[in-house]
2 protein chains.
Amino acid sequence: MAVTPLEGGENASSGKADRRRLELAESAFKTLGELGYARSSLREIAQNSEFSHGVVHYYFSDKIDLITFCVRHYKTACSRRYDAVVDAATTVEELTEGFLATMGATLVEDTGLHRLWYDVRAQSMFEPSLRGDVLHVDRLLEQMTWRVLTRYAELAGRAPCVDAPTAYALVDGLFEQAVIAGSVDPATARANLTARVATTLPLLLTP
Amino acid sequence: MAVTPLEGGENASSGKADRRRLELAESAFKTLGELGYARSSLREIAQNSEFSHGVVHYYFSDKIDLITFCVRHYKTACSRRYDAVVDAATTVEELTEGFLATMGATLVEDTGLHRLWYDVRAQSMFEPSLRGDVLHVDRLLEQMTWRVLTRYAELAGRAPCVDAPTAYALVDGLFEQAVIAGSVDPATARANLTARVATTLPLLLTP
DNA sequence: CGTCGATCTTGACAACTGTCCAGAAAAGTC
DNA sequence: GACTTTTCTGGACAGTTGTCAAGATCGACG
């Protein structure tokens with residue numbers, strides 16, 4: 001019996017098994033981004049990979065296990081997307097421009113990821129077993145937003161006038177609306193998003 | 001053959017049939033608020049009503065038809081919740097206090113409705129047939145937010161510095177975070193929500 | 001080459017889903 | 001009361017789902 005694959009939950013470095021897990025997650029992610037949480041069946045996910053549907057239960061204990069792994073993996077990477085911009089910017093204008101460009105880019109490029117995220121987050125309201133991972137990712141995104149805002153404030157020589165959870169909720173509200181609107185018209189959604197975030201950012205600093 | 005019930009889609013006043021529809025929707029709403037869109041089966045919904053599962057297809061053409069009817073009905077009422085406060089308030093303090101109190105109340109009282117709404121809105125990203133109704137409700141909520149904000153600005157003798165879609169997205173971002181957090185700890189979620197909205201509102205006016 | 005464990009496939013399982021329909025029940029009409 | 005129409009029931013249908021397990025396949029090692 002093979003126990004190793006399922007036991008690697010805590011630290012992620014069993015080597016071969018973890019590579020398979022990632023491979024599976026990659027295929028699952030493709031399906032999940034298109035169909036969403038509820039409509040993605042394990043058979044459909046497996047069909048978009050090079051494996052059969054049974055192998056999922058060899059590397060993941062559960063459907064939820066697979067999906068949370070997916071969300072965690074991709075959204076963790078996602079939460080680092082602005083790091084380069086934050087580090088490189090030396091003026092407010094540079095930071096603003098870089099931030100808005102990156103944000104607009106991920107809106108249209110990683111649409112599937114964002115859809116899946118908002119879907120899973122909504123599901124977590126009904127499915128308690130999702131809440132842990134959702135909370136974890138939410139904190140990552142909050143920190144991401146906060147890194148941008150504090151750097152923005154620093155470069156402007158001012159201070160944020162809202163705390164991290166508030167800043168995140170506000171910006172995320174704009175972003176979610178853009179993801180939803182982007183399902184119909186991505187280009188307009190992107191333009192609106194950047195314009196609205198550009199309007200909002202200055203409001204988050206003390207005068 | 002009975003054609004009447006299904007044909008009443010456009011104008012809603014066939015009398016008896018519409019009362020049944022509302023009755024069904026009421027039961028459906030109860031189930032939907034607890035289980036969410038995906039996990040609510042028609043049998044489960046019917047079991048929470050006084051009818052059998054077959055009757056749903058007599059008054060609704062579809063599962064989606066029932067759910068969108070539900071969301072539309074309840075969220076339309078919801079979008080009028082602040083009207084009294086807006087009309088009655090004569091000072092900024094009155095409006096703020098009334099608005100925050102009502103908002104906090106609906107957060108904990110109508111939790112099911114808000115959960116269902118965010119769920120359905122997320123599903124609309126994957127299910128195009130939901131988008132029409134979601135867009136419609138979204139506009140209602142945007143107007144609702146805008147009515148509050150313009151009155152707030154008027155009483156303050158200032159002007160809003162963001163447009164209606166931006167204002168709605170920002171406030172809704174705070175509210176959605178509160179609904180999610182409220183799944184774990186409603187009281188704290190409510191306290192945080194009112195505090196954060198109180199911080200945010202003044203930022204939406206020109207200095 | 002043969003053995004053994006890890007890995008994967010395939011098919012089966014029981015449960016559940018939305019939808020439809022034949023007929024029971026109820027309501028309305030003369 | 002006899003009829004027609006509306007309303008409702010309960011079961012059947014075909015499909016899908018997550019899960020599991022028995023066996024095929026593979027690869028490494030002695």
Side-chain angles (χ1 to χ4, degrees), chain A residues 1-8 13-28 31-32 34-70 119-120 123 126-127 129-130, chain B residues 1-8 13-28 31-32 34-70 119-120 123 126-127 129-130:
Chain A
M1 223 204 291
V3 200
T4 14
L6 286 179
E7 296 299 323
S13 56
S14 294
K16 247 181 296 185
D18 267 352
R19 235 173 297 145
R20 269 283 181 284
R21 252 196 288 267
L22 273 175
E23 221 167 330
L24 259 312
E26 210 160 322
S27 303
T31 309
L32 286 164
E34 285 173 9
L35 302 183
Y37 171 90
R39 302 154 66 88
S40 297
S41 71
L42 295 182
R43 284 172 173 80
E44 184 82 25
I45 288 173
Q47 213 154 11
N48 279 20
S49 80
E50 51 178 346
F51 303 103
S52 71
H53 73 271
V55 82
V56 175
H57 282 85
Y58 188 75
Y59 289 102
F60 296 94
S61 66
D62 220 331
K63 187 191 179 182
I64 290 193
D65 191 22
L66 167 62
I67 290 180
T68 52
F69 180 88
C70 236
D119 187 12
V120 169
Q123 294 306 313
F126 304 103
E127 178 81 57
S129 54
L130 287 173
Chain B
M1 222 202 294
V3 201
T4 13
L6 287 180
E7 296 299 323
S13 57
S14 295
K16 245 181 297 183
D18 267 353
R19 236 174 296 144
R20 270 281 181 281
R21 252 196 288 268
L22 273 175
E23 219 168 331
L24 260 310
E26 210 160 321
S27 303
T31 310
L32 286 164
E34 284 174 10
L35 301 183
Y37 171 90
R39 302 153 67 87
S40 297
S41 70
L42 294 183
R43 283 171 174 81
E44 184 82 27
I45 289 173
Q47 212 153 13
N48 279 21
S49 80
E50 52 178 345
F51 303 102
S52 73
H53 72 271
V55 84
V56 175
H57 281 85
Y58 188 74
Y59 290 102
F60 296 94
S61 65
D62 219 331
K63 188 191 179 183
I64 291 193
D65 191 23
L66 166 63
I67 291 179
T68 52
F69 180 89
C70 234
D119 187 11
V120 169
Q123 294 306 313
F126 304 102
E127 180 81 58
S129 53
L130 288 172

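Here is how names work: the chains are called A, B, and so on, in the same order as the sequence lines, proteins then strands, and each is numbered from 1.
For the pair A:L35 and B:F126, the minimum side-chain heavy-atom distance is 4.5 Å or more. Taking 4.5 Å as the limit, some side-chain heavy atom of B:I64 sits within range of a side-chain heavy atom of B:Y37.
Every residue two or more places apart in sequence or in another chain that forms a side-chain contact (heavy atoms from CB on, under 4.5 Å) with B:A28 is listed here: B:L32, B:I45, B:L66, B:C70. Applying the side chain to side chain donor-acceptor pair (under 3.5 Å) criterion to A:S27, with sequence neighbours excluded, gives no partner residue. In this structure, B:S41 has no side chain to side chain donor-acceptor pair (under 3.5 Å) partners at least two apart in sequence or on a different chain. Partners of B:S129 according to the side chain to side chain donor-acceptor pair (under 3.5 Å) rule, which considers only residues two or more places apart in sequence or in another chain, are B:E127. Shown here are the side chain to side chain donor-acceptor pair (under 3.5 Å) partners of A:E23, two or more places apart in sequence or in another chain: A:R20.
In plain terms, the two heavy atoms of A:D65 and A:T68 that are nearest each other are O-OG1, 3.1 Å. Nearest approach of B:A38 to B:K63, heavy atoms of both residues: O-NZ, 4.1 Å.
Within residues 48-56 of chain A, the residues that have a heavy atom under 4.0 Å from DNA chain D are, in order of number, A:H53.
As a whole-Å value, the separation of B:Q47 CD from C:dT17 C1' is 14 Å. The interatomic distance linking A:I67 (CD1) with D:dT19 (P) rounds to 10 Å, in whole Å. Rounded to whole Å, the distance from CZ on A:F60 to C1' on D:dT19 is 16 Å.
A distance of 7.5 Å separates CG of B:D119 from CG of A:D119, quoted to the nearest 0.5 Å. One distance of note links OH of B:Y59 with CG of B:D18; it measures 10.0 Å at 0.5 Å rounding. Taking CG of B:L42 as the reference point, atom CG of B:D62 lies at 9.0 Å (rounded to 0.5 Å).
Each end of the helix from C:dC1-D:dG30 to C:dC30-D:dG1 gets its own axis from five base pairs, and the two axes differ in direction by 10°, given to 10 degrees.
Residue A:Y58 places at least one side-chain N or O closer than 4.0 Å to OP1 or OP2 of C:dT7.
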Could you go through nucleotides 15-18 of chain D and list every protein N or O atom that sits under 3.5 Å from one of its N or O atoms, giving the distance for each pair?
unit_1, atom_1, unit_2, atom_2, d
D:dT17, OP1, A:S41, OG, 3.3
D:dG18, OP1, A:K63, NZ, 3.0
D:dG18, OP2, A:L42, N, 2.9
D:dG18, N7, A:R43, NH1, 2.8
D:dG18, O6, A:R43, NH2, 3.0

Please tabulate the protein-to-nucleotide N/O contacts below 3.5 Å involving nucleotides 25-30 of chain C, giving atom names and distances.
none

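Sequence neighbours left out, not one pair with a member in residues 40-56 of chain B passes salt bridge (Lys or Arg N to Asp or Glu O under 4.0 Å).
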